[in-house]
Amino acid sequence: KAGPVEATAANKAAAGNWIERIVPEGLTNIFDALVRAFSRVGRGSAERLEPLAADTFYLLTDGHANRGEVQDPTELIEELARLNRHHRVIIHAVGLGNDADGGFLRALAERFGGRYVHIRARKPEK
């Protein structure tokens with residue numbers, strides 16, 4: 001979506017359908033994707049949140065950070081911590097398939113109060 005949307009049943013179903021259609025291409029730009037998410041967080045002030053403010057991100061990835069402004073896992077987490085110091089967004093990480101960088105994703109989720117989940121690739125049906 002172009003911006004935040006309410007978490008209605010229809011929007012959740014649409015998000016799930018969009019995720020099902022993703023085709024891995026070998027390029028993983030985690031930092032720039034999360035910077036973009038932070039730019040749309042819409043938290044407002046400490047006293048009043050925006051109507052569709054985000055307090056939680058879900059990062060879904062099938063690989064290692066190999067594109068974007070910051071690719072080193074340690075540096076990536078530190079830069080995100082700097083961006084997140086005012087927003088205080090929780091970040092959950094979902095590793096998709098067998099090539100996801102589980103160590104990094106677990107560290108990312110733990111640093112931002114989230115959980116890491118690994119979803120293994122399905123075996124091809126015969």
If we ignore hydrogens and angles and just use 3.5 Å, is the side chain of His92 paired with the main-chain N or O of Tyr58 as donor and acceptor?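 Between the backbone of Tyr58 and the side chain of His92 there is no qualifying donor-acceptor contact (under 3.5 Å).
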Sub-3.5 Å donor-acceptor pair from the side chain of Asp62 to the main-chain atoms of Leu96, do we have one?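 No, Asp62 side chain to Leu96 backbone: no donor-acceptor pair under 3.5 Å.
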Contact between [X] and [Y] at the side-chain level, heavy atoms closer than 4.5 Å - yes or no?
{"X": "Ile19", "Y": "Asn17", "result": "no"}
{"X": "Ile91", "Y": "Leu108", "result": "yes"}
{"X": "Val89", "Y": "Asp55", "result": "no"}
{"X": "Ile30", "Y": "Val70", "result": "no"}
{"X": "Arg67", "Y": "Thr28", "result": "no"}
{"X": "Phe104", "Y": "Leu76", "result": "yes"}
{"X": "Glu79", "Y": "Arg82", "result": "yes"}
{"X": "Ile90", "Y": "Phe57", "result": "no"}

Taking all non-hydrogen atoms of both residues into account, name the closest pair between [X] and [Y] and its distance.
{"X": "Leu105", "Y": "Ala100", "value": "CD1-CB, 4.2 Å"}
{"X": "Gly97", "Y": "His118", "value": "O-NE2, 2.6 Å"}
{"X": "Leu83", "Y": "Val35", "value": "CD1-CG2, 3.5 Å"}
{"X": "Phe38", "Y": "Asn84", "value": "CE2-OD1, 3.2 Å"}

Quick one, Lys12 with Glu6, criterion salt bridge (Lys or Arg N to Asp or Glu O under 4.0 Å). Give me CA distance, side-chain angles, the key distance, then yes/no. CA-CA 9 Å; Lys12 289 178 186 179; Glu6 190 172 341; over 6 Å; no
Nearest 0.5 angstrom please: Leu80 CG to Arg85 CZ, how far?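 Spacing of CG (Leu80) from CZ (Arg85) equals 12.5 Å.
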Would you compute the distance between atom CZ of Phe112 and atom OG1 of Thr56 and round it to the nearest 0.5 angstrom?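 Those atoms lie 13.0 Å apart.
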Report yes or no: do Phe31 and Leu34 belong to one cluster of Ile/Leu/Val/Met/Phe/Trp/Tyr joined by side chain heavy-atom distances under 4.5 Å?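 Same cluster: Phe31 reaches Leu34 through Ile, Leu, Val, Met, Phe, Trp or Tyr contacts under 4.5 Å.
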Please tell me whether Val117 and Ile22 are part of a single hydrophobic cluster in this structure, the criterion being side-chain heavy atoms less than 4.5 Å apart.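 Yes; Ile22 is reachable from Val117 via cluster members.
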Any chance CG of Asn29 has more than 12 other-residue heavy atoms, nucleotides or ligands included, within less than 6.0 Å?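 Count over threshold, so yes.
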